[in-house]
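Notes to accompany the following structure.
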Amino acid sequence: MARGGSERRAAEVTAEFDLIERIRMRAGARSDVILGIGDDAALLQVPAGKQLVVAMDTLNEGVHFPPETMAADIGWKSLAVNLSDLSAMGAQPAWCTLSLSLPQADRAWLDEFLDGFLALAASHGVALVGGDTTRGPLSVCVTAHGFVDEGRALRRDGARPGDDVWVSGTLGDAAAALAQWRDGEPVVSALKTRLDRPTPRTALGLALHGIANACIDVSDGLLADLGHVCRSSGVGAEISVMELPASDALLGAFDEGTRFIFQATGGDDYELCFAAPEHCRDAIEAIGEQERIRVTRIGRIIAGQGVRALRRDGSPWAPPSAGYTHFVS
Ligand SMILES: Nc1ncnc2c1ncn2[C@@H]1O[C@H](COP(=O)(O)OP(=O)(O)OP(=O)(O)O)[C@@H](O)[C@H]1O
Ligand SMILES: Cc1ncc(C[n+]2csc(CCOP(=O)(O)O)c2C)c(N)n1
Ligand SMILES: [Mg+2]
């Protein structure tokens, strides 16, 4: 029998607090969380001599992930993209908040979501300190908070002509997985993992202090994101499309022309792109070995403006777009 308005509202109130309680029970603890989930706001202790670094990113169903994405993967990715922003600032992550908009109070979905979210949080020592739970189309908004030594953050505005341009890991896997999904093809599992479970490059970001002059994480696409660094720094850049690092899975699944588009413009990579002086080359290679992460020199910063992508013979390579942009159909 259909329930009346006040009875239905009462059931929804119970459901909301039931969900919040399930989150609170698993949120993780840190000694610098004075007051976590349960009051009007969280109370957090920033260490002396540190600056607080704050990032926020949202994932919307159908925009940031395909509707059939597993709840645990949505959980992982929603935190990963935020930790990726902190890594690009060279920050040590500490806390996060989670705003969940859910079509219905589905406990099983929430538990799986938390499995992914909290596995990544625990691996980075991050405590979930608050959030918001509402009904609406599936949307996940996370903030991540971390620390840097005063004045030491890696920023977008410090690249200088003559710097090398580097990128971590490999590029294009996530975009390739998305293309296979869109085309209704079976998605190669190594590519799908890169789309669903990006790895924040936290240790690399921390190790780049005193080395990188500028840094950004690649979310919209390499050319678009390097473009942000160039604009902020008042410089230009040249990159060699041939030098862009590719995974074996990508090399095995796509021809060169398609692969270059994914790598240079596809986005969803969550690798770090950074500018560093030439004399830091050995140090950067050593960091890559120590952190067991591939680091590849893909070009250089030049005077001027804009990012130019070049083919092997030095001729310009022009992709259909530089990267992902919201509100463009
Ligand atoms: N609605 C908003 N209100 C205030 N600041 C915003 C808003 N949207 C974006 N910003 C700010 O604009 C800057 C650029 O944000 P943007 O989302 O483009 O970068 P990003 O989060 O690093 O990239 P991506 O979202 O692709 O991962 C950031 O400083 C961000 O905090
Ligand atoms: C279903 C589906 N369609 C498209 C994409 C690709 N995509 C969406 S947003 C974005 C940039 C980063 O987002 P933001 O700038 O909002 O942080 C990218 C590369 C996807 N992942 N899933
Ligand atoms: Mg953003």
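When a ligand or atom number is given, it counts from 1 through the structure's own listing order. Note that the structure is a prediction, hence the values are computed from the model and not measured.
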Which pairs of N or O atoms, one from ligand 2 and one from the protein, are separated by less than 3.5 Å, and what is the distance for each pair?
{"unit_1": "ligand 2", "atom_1": "3 (N)", "unit_2": "Val63", "atom_2": "O", "d": "3.2"}
{"unit_1": "ligand 2", "atom_1": "3 (N)", "unit_2": "Arg182", "atom_2": "NH2", "d": "3.2"}
{"unit_1": "ligand 2", "atom_1": "15 (O)", "unit_2": "Asp220", "atom_2": "OD1", "d": "3.1"}
{"unit_1": "ligand 2", "atom_1": "16 (O)", "unit_2": "His64", "atom_2": "NE2", "d": "2.8"}
{"unit_1": "ligand 2", "atom_1": "16 (O)", "unit_2": "His326", "atom_2": "NE2", "d": "2.6"}
{"unit_1": "ligand 2", "atom_1": "21 (N)", "unit_2": "His64", "atom_2": "O", "d": "3.0"}
{"unit_1": "ligand 2", "atom_1": "21 (N)", "unit_2": "Asp268", "atom_2": "OD2", "d": "2.6"}
{"unit_1": "ligand 2", "atom_1": "22 (N)", "unit_2": "Val63", "atom_2": "O", "d": "3.4"}
{"unit_1": "ligand 2", "atom_1": "22 (N)", "unit_2": "His64", "atom_2": "O", "d": "3.4"}

Please lay out, stage by stage, how Leu100 and Asp132 fare under the test side chain to side chain contact (heavy atoms under 4.5 Å, CB included). CA-CA 6 Å; Leu100 267 178; Asp132 197 20; over 6 Å; no
Decide side chain to side chain contact (heavy atoms under 4.5 Å, CB included) for Lys50 and Asp149; before the verdict, give the C-alpha distance in whole Å, the side-chain angles of both, and the deciding distance to 0.1 Å. CA-CA 5 Å; Lys50 301 279 187 185; Asp149 288 339; 2.7 Å; yes
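Electrostatic pairing of Arg197 and Asp73 counts as a salt bridge here, judged by a charged N lying under 4.0 Å from a carboxylate O. Using a 4.0 Å cut-off between a side-chain N of Lys or Arg and a carboxylate O of Asp or Glu, Arg30 and Asp32 qualify as a salt bridge.
Atom CZ in Arg26 sits 8.0 Å away from atom CG in Leu110 (nearest 0.5 Å). Distance check, rounded to the nearest 0.5 Å: NE2 of His326 to CG of Asp220 gives 7.0 Å. With rounding to the nearest 0.5 Å, the separation of CE in Met242 from CG in Asp313 is 10.5 Å. Atom CD of residue Gln263 and atom CG of residue Asp173 lie 8.5 Å apart, to the nearest 0.5 angstrom.
Connectivity analysis of hydrophobic side chains (ILVMFWY, heavy atoms under 4.5 Å, direct or indirect) links Met56 to nothing; its cluster partners are none.
Counting only protein N, O or S atoms, the number found under 2.8 Å from the Mg ion (ligand 3) is 1.
In this structure, Leu310 and Pro316 approach most closely via the heavy-atom pair CD2-CA, 4.2 Å. The shortest non-hydrogen separation linking Val129 to Ala42 is O-CB, 3.5 Å.
When heavy-atom distances to ligand 1 are checked against 4.0 Å, the residues falling inside are Asp57, Asp85, Arg156, Ser219, Asp220, ordered by chain and number.
Judged purely by atom type and a 3.5 angstrom limit, Asp85 has no side-chain atom pairing as donor or acceptor with the backbone of Asp217.
Checked options Thr170, Thr199, Asp268; the residue passing with Arg194 is Thr170 (criterion: side chain to side chain donor-acceptor pair (under 3.5 Å)).
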